**Student:** 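Attaching a single structure in structure tokens format; questions to follow.
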Amino acid sequence: MRFDSPAADRIAAVAFFALGASMTYGGYVMDRLEIRQIHPASIPGLLPMILGVVLMVCAVLLALQAGKGDEAAAPSPDVSWKDLFVALALCCVYAVAMVGHMPFGIATALFIMAFSGWFLWPPAGADMSIRMKIGAGVVLFGIAISAAISLLFRYAFLVRLP
Amino acid sequence: MEGLQSFGLALAALLTPMTLFHVAWSTLLGIFVGSLPGLTATMGVALLTTLTYTMDRDSAILVLICMYVGAIYGGSRSAILLNIPGTPASAATTLDGYPLAQRGQAGYAMALATAGSALGTVVGIFMLVLLAPPLAEIALEFGSFEFFWLAVFGIVISGQLTGGGSPLRGYIAGILGLMVAMIGSDGIHAHVRFNLGWSDLNGGIGLIPAMVGAFGFAEVLTVMWRSRAVMVDSKIKTGDTDRVLPRLVDLLRYRVTIVRSGIIGTFVGIIPGVGEDIGAWASYAAAKRASPERDQFGKGSKEGLIAAETGNSAVVPGALIPALTLAVPGSAPAAVLIAALFIHGIRPGPMIMIEQPDFIYSVAAMLLLATIAIAVFGLSLTRLFIQVLRIPRELLMPVVFALCVIGPYALTQRLFDVWVMVVFGIIGFILRQMNFPMAPLVLGIILGDLLDKSLRRGLTLSDGELTPFFTRPISAAFVVIILVSILVGIAPVRRAFAGVKARALGSFTGE
């Protein structure tokens with residue numbers, strides 16, 4: 001799976017075309033404020049309509065252009081999809097499900113411990129003492145950083161933490 | 001002369017112990033941010049903006065400028081040692097910086113990068129003081145028609161120059177940014193658009209949460225997705241055989257390259273939404289064309305390294321010229337700076353020389369202090385910066401993300417802005433992996449309101465007539481430039497143009 005492939009470009013072109021069409025329609029049906037007797041050329045939907053049409057044209061050009069460039073020949077970058085999805089999941093859970101639903105300091109400490117712990121945890125078969133060392137380090141790191149960020153924002157910047 | 005006098009006065013006013021303290025910590029922080037792959041100048045300035053809103057106006061702007069200058073310079077560290085640009089601005093630096101480090105001259109490469117960056121910024125500051133006041137005066141002549149075309153020009157030229165081989169991707173990114181700006185209350189009739197029944201969207205999408213997401217969270221995902229970088233095994237780590245101060249003779253030998261790169265960088269900075277990376281590449285290409293030792297470029301050329309670093313640093317003052325005088329950012333970090341200026345009660349734009357005539361000179365003085373700081377820190381703390389590069393990404397990235405969450409929240413105290421950050425982070429990551437540039441997107445968010453208001457005001461003034469958009473002199477000039485830019489971006493037109501040029505040259509030389 002690659003983001004910079006002709007197939008990805010075609011999917012993006014379809015998404016952009018749909019977005020452009022929605023914007024054009026949204027601009028067209030938008031209130032023209034006749035009741036406020038505004039100048040007909042200053043209706044709020046004017047620019048959204050224009051932008052929608054331009055994006056649709058660009059989407060068609062993108063679909064036509066897909067696969068014609070040399071991007072498909074570019075070497076595949078050295079990446080880890082598993083790392084990406086774990087990082088994405090941890091970040092989303094922290095930002096959407098934890099912050100605002102529990103004290104910020106606790107949420108942040110748990111997030112940092114989980115994130116660092118997951119990626120730094122030694123492979124199976126590693127020495128127990130190494131595991132203990134990494135585990136203790138990650139817990140201390142999470143608590144220290146969380147406390148530092150919370151105190152900084154709470155008392156230095158006077159922010160009421162979520 | 002009057003400008004230099006105002007600059008001197010502004011500089012003298014800034015020379016207080018508290019100011020110097022702010023310069024020291026914020027520049028140092030900027031260098032750290034820039035040197036760590038995954039932390040960019042835009043992210044640094046955006047995150048720091050969220051920390052400066054309790055500061056007084058001048059201190060806040062000062063620390064943001066120091067962060068900007070420091071981060072652009074700091075990118076050279078990882079470019080030289082890891083072959084990975086710490087910020088996109090240092091991509092050209094890797095070409096010659098890394099080969100020099102492989103030869104055991106990492107310290108000297110960093111010293112040259114420091115000298116190049118400092119001198120490039122100085123050239124840019126000189127041009128800022130020289131060009132910004134007259135540009136603000138010219139901008140006073142701009143009406144709705146001209147501002148409309150200025151906004152279109154910004155998107156087109158930014159898309160063109162940052163889209164790489166495909167300007168179309170740059171245009172699409174720009175249009176997406178403009179569309180984001182259409183969300184929320186419109187600037188003329190205060191009619192709420194595209195809020196999808198969500199009252200949190202009535203005020204629109206904030207630039208800072210969007211930027212923190214697109215440049216912070218997206219970068220966290222990118223760093224975790226890619227494999228780890230390996231640091232070059234240079235003598236700097238253990239021995240002292242490598243020099244860490246630049247030789248004057250080298251700087252004198254490359255003085256023309258330094259001045260040329262500084263001027264190119266500044267002009268690239270002035271172009272809306274075209275950032276430091278393009279400034280570095282343009283300076284590098286120009287230096288390579290003009291150099292007698294061009295065969296050494298890419299193999300560890302000192303001249304190439306100096307050209308790239310001078311070029312990217314000169315973009316910083318250059319990017320502030322349109323940001324201050326037209327409220328049109330010259331680069332992505334400058335876009336965040338514009339948002340920060342508004343937060344601190346400064347209205348950038350043509351009226352700045354009337355409302356706050358000394359502010360441009362204050363900014364130039366702040367840039368100079370930041371330049372001095374990067375020179376001092378860059379030359380004295382080389383070994384410390386190498387240690388910073390050893391911080392594991394597994395520890396750094398969750399801290400960065402925690403700051404990405406609390407930063408936007410701190411500005412408005414709304415959890416909604418945290419969700420905006422997350423959404424923009426994911427969209428930004430996907431778009432970036434698909435080779436869509438981020439700079440036009442940011443520029444679109446900033447310019448959307450200007451474009452919308454100028455178009456509708458212009459049409460109201462002309463009673464729905466389109467003619468004034470094309471017949472007023474400045475508008476007509478913009479139209480011609482925009483059309484030529486778009487046509488040049490179309491491959492068949494470009495090829496036809498090259499063919500005509502080749503035939504013309506052939507007939508001229510009698511072949």
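When reading the values below, keep in mind they use all heavy atoms of this one structure, side chains included, and skip hydrogens, waters and symmetry mates. Since the model is a prediction, treat every value here as computed from it, not as a measurement.
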**Student:** Do Asp186(B) and Leu47(A) come close enough that some side-chain heavy atom pair is under 4.5 Å?
**Tutor:** no
**Student:** Quick one: CG on Leu51(A) to CE on Met182(B), what's the gap to the nearest 0.5 Å?
**Tutor:** 5.5 Å
**Student:** Heavy-atom pairs under 4.5 Å with chain B are the metric here; pick the option from Val96(A), Ile38(A), Val138(A), Leu46(A) that has the most.
**Tutor:** Ile38(A)
**Student:** As an exercise, state the distance from CG of Leu395(B) to CZ of Phe141(A), rounded to the nearest 0.5 Å.
**Tutor:** 4.5 Å
**Student:** Using non-hydrogen atoms and a 4.5 Å limit, figure out which bit of Leu451(B) sits close to chain A: side chain, backbone, both or neither.
**Tutor:** both
**Student:** How close do Gln413(B) and Val159(A) get, counting heavy atoms only, and between which atoms?
**Tutor:** NE2-CG1, 3.3 Å
**Student:** How far does OG of Ser42(A) sit from CZ of Arg457(B), to the nearest 0.5 angstrom?
**Tutor:** 10.5 Å
**Student:** Is any side-chain heavy atom of Phe153(A) closer than 4.5 Å to a side-chain heavy atom of Tyr409(B)?
**Tutor:** no
**Student:** What residue in Leu396(B), Leu176(B), Ile188(B) has the most heavy-atom pairs under 4.5 Å with chain A?
**Tutor:** Leu176(B)
**Student:** What is the distance from atom CZ of Phe436(B) to atom CZ of Phe16(A), rounded to the nearest 0.5 Å?
**Tutor:** 4.0 Å
**Student:** What closest approach, in Å, do Leu88(A) and Phe217(B) show between heavy atoms, and which atom pair accounts for it?
**Tutor:** CD1-CZ, 3.9 Å
**Student:** Evaluate the side-chain proximity of Phe115(A) to Val399(B): yes if any heavy-atom separation is below 4.5 Å, no if none is.
**Tutor:** no
**Student:** Do you know which of Val86(A), Ile50(A), Leu152(A), Leu33(A) has the most heavy-atom pairs under 4.5 Å to chain B?
**Tutor:** Leu33(A)
**Student:** Out of Leu178(B), Thr54(B), Thr460(B), return the one with the most heavy atom pairs under 4.5 angstrom to chain A.
**Tutor:** Thr460(B)
**Student:** Atom OG of Ser80(A) and atom CZ of Arg226(B): how far apart are they, to the nearest 0.5 Å?
**Tutor:** 12.5 Å
**Student:** Could you tell me whether the side chain of Phe194(B) reaches within less than 4.5 Å of the side chain of Met23(A), counting heavy atoms only?
**Tutor:** yes
**Student:** Got Leu19(A) and Met179(B) here, is their nearest side-chain heavy-atom distance under 4.5 Å?
**Tutor:** yes
**Student:** Could you tell me which of Val418(B), Leu403(B), Leu221(B), Leu455(B) has the largest number of non-hydrogen atom pairs under 4.5 Å with chain A?
**Tutor:** Leu221(B)
**Student:** Pick whichever of Ala402(B), Gly448(B), Gly464(B), Gly425(B) has the most heavy-atom pairs under 4.5 Å with chain A.
**Tutor:** Ala402(B)
**Student:** Out of Gly100(A), Ala41(A), Pro44(A), which one racks up the most heavy-atom pairs below 4.5 Å with chain B?
**Tutor:** Pro44(A)
**Student:** What residue in Val422(B), Ile426(B), Asp463(B) has the most heavy-atom pairs under 4.5 Å with chain A?
**Tutor:** Asp463(B)
**Student:** Measuring from atom CZ of Phe119(A) to atom CZ of Arg393(B), what distance do you get when rounded to the nearest 0.5 angstrom?
**Tutor:** 7.5 Å
**Student:** Which heavy atom in Pro162(A) sits nearest to a heavy atom in Ile406(B), and how many Å separate them?
**Tutor:** CD-CD1, 3.9 Å
**Student:** Under 4.0 Å between a side-chain nitrogen and a carboxylate oxygen: does that hold for Arg169(B) and Asp9(A)?
**Tutor:** yes
**Student:** Is the shortest heavy-atom distance from the side chain of Pro48(A) to the side chain of Arg193(B) under 4.5 Å?
**Tutor:** yes
**Student:** Using non-hydrogen atoms and a 4.5 Å limit, figure out which bit of Leu411(B) sits close to chain A: side chain, backbone, both or neither.
**Tutor:** neither
**Student:** Please determine, among Gly20(A), Gly52(A), Ala95(A), Ala87(A), the option with the most heavy-atom pairs under 4.5 Å with chain B.
**Tutor:** Ala95(A)
**Student:** As an exercise: rank Leu55(A), Ile145(A), Asp83(A), Ile112(A) by heavy-atom pairs under 4.5 Å with chain B and give me the winner.
**Tutor:** Leu55(A)
**Student:** Using heavy-atom distances under 4.5 Å, tell me whether His191(B) contacts chain A through its side chain, its backbone, both, or neither.
**Tutor:** side chain
**Student:** Kindly indicate, with the supporting measurements, whether the criterion ring pair (Phe, Tyr, Trp, His ring centres under 6.0 Å) is fulfilled by Phe401(B) and Phe111(A).
**Tutor:** CA-CA 10 Å; Phe401(B) 186 71; Phe111(A) 166 69; 5.6 Å; yes
**Student:** Check whether more than 12 heavy atoms from other residues, nucleotides or ligands sit under 6.0 Å from atom CH2 of Trp121(A), and answer yes or no.
**Tutor:** yes
**Student:** Select one option (side chain, backbone, both, neither) describing which atoms of Leu51(B) are under 4.5 Å from chain A's heavy atoms.
**Tutor:** both
**Student:** Taking side chain as everything from C-beta outward and backbone as N, CA, C, O, which of these in Leu415(B) sits under 4.5 Å from a heavy atom of chain A? Side chain, backbone, both or neither.
**Tutor:** side chain
**Student:** Could you walk me through whether Leu459(B) and His39(A) pass side chain to side chain contact (heavy atoms under 4.5 Å, CB included), step by step?
**Tutor:** CA-CA 9 Å; Leu459(B) 284 172; His39(A) 194 286; 6.0 Å; no
